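Since we're looking at a predicted model, the values are computed, not measured. Heavy atoms only: backbone and side chains are in, while hydrogens, waters and symmetry mates are out. Sequence lines set the chain letters: A, B, ... in the order given, protein chains first and strands last, and positions in each chain run from 1.
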Number of protein chains: 2
Amino acid sequence: MLKDVVRTRSYQNVITQNNFLFKDKIVLDVGAGTGILSLFCAKAGAKHVYAIECSQMADMAKEIVKTNGFSEVITVIKGKVEEIELPVPKVDVIISEWMGYFLLFENMLDTVLFARDKWLADDGVVLPDKASLHLTAIEDAEYKEDKIEFWNNVYGFDMSCIKKQAMMEPLVDTVDQNQIVTNCQLLKTMDISKMSSGDASFTVPFKLVAERNDFIHALVAYFNVSFTKCHKLMGFSTGPRSKSTHWKQTVLYLEDVVTICEGETLSGSMTVANNKKNPRDIDITLKYAINGNRCKVSRTQHYKMR
Amino acid sequence: MLKDVVRTRSYQNVITQNNFLFKDKIVLDVGAGTGILSLFCAKAGAKHVYAIECSQMADMAKEIVKTNGFSEVITVIKGKVEEIELPVPKVDVIISEWMGYFLLFENMLDTVLFARDKWLADDGVVLPDKASLHLTAIEDAEYKEDKIEFWNNVYGFDMSCIKKQAMMEPLVDTVDQNQIVTNCQLLKTMDISKMSSGDASFTVPFKLVAERNDFIHALVAYFNVSFTKCHKLMGFSTGPRSKSTHWKQTVLYLEDVVTICEGETLSGSMTVANNKKNPRDIDITLKYAINGNRCKVSRTQHYKMR
């Protein structure tokens, strides 16, 4: 994970270029892993950093903290945020890299919100404090053929029943920006400093306008993250026009091949919710419609990330 | 998995080019997945095929069998081989694609042996019936730097304690054949038709002779699989000189960089055993020594696949 340069450098820049946020402050690092963010914060002058990590990696983090001479400043706590005790009543800063694929898949957002509600001082800061989900549409004839139509003829056998299942699984993959057919639309912004856990379930409308005559095989979702409390706005994007990250993008294949003309609109809505049976799974419902010159379609599709 | 062409085509060729092994025979497909091997067998004239699959995929396999008109010939049984009942006392053929990374990691070999002992007729055949593990040595300066030395300086911090852990984890990756420095040696052959479960734990010696002056950064293990009951010998290799498969190769990094001259020998032994605590994990112990012109080393290293 450390090898995702976009991610780690972004956090590093946020911390090292904004010492005023950390100098003499109490910091809580939620899901600290190797402790890299805690180390950045300690180096930026934090008074004390509590690094919480529930996996075996906590033992490594302790050793790394010691090796690098920060034992006085960083306390690694092995355990679950929901279960551990902090030796201080309040913290000034909560920092975390909690985002999952599609922003919300297997994420640690609830844990960050729990820590915020329990320990963050009234004038405290959550880093990052904004996350947004975006949508665009792509042509993907070749890949859809490989991934989906493949099942029509597998070594001479018809396995098309697997096709339905393959269609329902959002694909985490890197999309070439040349595949983008429409504008990119902001679907949803989340304010981590204020939101509640339930705000991560939502229905939002979209309108995607074609920038050229093309076919649409899939919609593509991605997220941006911002640190608005920095001296100047900082953050990063996981979109197909940005340098790629381990989050890649999330591709939702459409049952229809949509023939769209420049200027025409594919509109609809996306509903995102945790699966009721398995709350770690995410259910996505996509409604889309086009009433175009060469194509009229209206359809609802269900996807499940698991 | 079906997209691993080397694997699936090998099984397809074995079955379609050796109808005599299947014609009017009772076949058991262990870990059938989508049922592809069962379909090949049915098409090759099997009297009946029992396809055992314990995952949800069994439901798909049932539908695929029906769609392709083989419901009369193939019976998909959803369940564990160790727990299900077969409607026949004996089978003539057991076919399975049971191999894991490093041949033995998270494999289904024990299940195949269980099925063999319980159901295979005296003159029955197991396909494949031979599997062999091989070893060679590679230079890998660049990659070792990226994967292992990376931890010496992570965004300015010393995380070398993670290096030790990284070294202990065999890396499943594709090796370029130009990296090969020595001969390739057969370590161990397993006869699936006769072996017992315990034969998958062993200690074997090796002697690797350098084919050029070079450095050795890692040993590389891979496996071959054979179907010796075919009209002519068939099989495939997962070695670095063959077309790559999803199994890739297994790279064991050495603590030393071995400076080896053409004709010199790196000798030692490899011990493979299931971990006692977690039997799904594999412990590998490597002893290696060289008494060369430019390098004298003798060392024991422990690895864990998990």
Under 4.5 Å from a heavy atom of chain B, the part of Phe70(A) involved: side chain
Criterion ring-ring contact (aromatic ring centres under 6.0 Å, His included) on Tyr253(A) and Tyr303(A), from CA distance to verdict: CA-CA 9 Å; Tyr253(A) 283 105; Tyr303(A) 303 86; 9.1 Å; no
Minimum heavy-atom distance Val14(A)-Asn18(A), with the two atoms named: O-ND2, 2.8 Å
Ring-face cation of Lys43(A) near Phe157(B) (centre distance under 6.0 Å, axis angle within 45°): yes
Heavy-atom donor-acceptor pair, Lys144(B) side chain to Leu254(B) backbone, under 3.5 Å: yes
Chain A contact via Phe150(B) - side chain, backbone, both or neither, heavy atoms under 4.5 Å: side chain
Closest non-hydrogen atom pair, Asn275(A) against Asn278(A): OD1-N, 3.0 Å
Contacting region of Lys66(A) [heavy-atom separation from chain B under 4.5 Å]: neither
Contacting moiety of Thr34(B), where chain A heavy atoms sit under 4.5 Å: both
Pairs of heavy atoms under 4.5 Å with chain A: top-ranked of Val154(B), Ile162(B), Ile64(B), Ile36(B): Ile64(B)
Option in Gln165(B), Met159(B), Gln12(B) with maximal non-hydrogen atom pairs under 4.5 Å from chain A: Met159(B)
Region of Val5(B) that comes under 4.5 Å of a non-hydrogen atom in chain A: both
Residue part contacting chain B, namely of Asp158(A), when any heavy atom lies under 4.5 Å: both
Residues Asp176(A) and Gln179(A): side-chain donor-acceptor under 3.5 angstrom: no
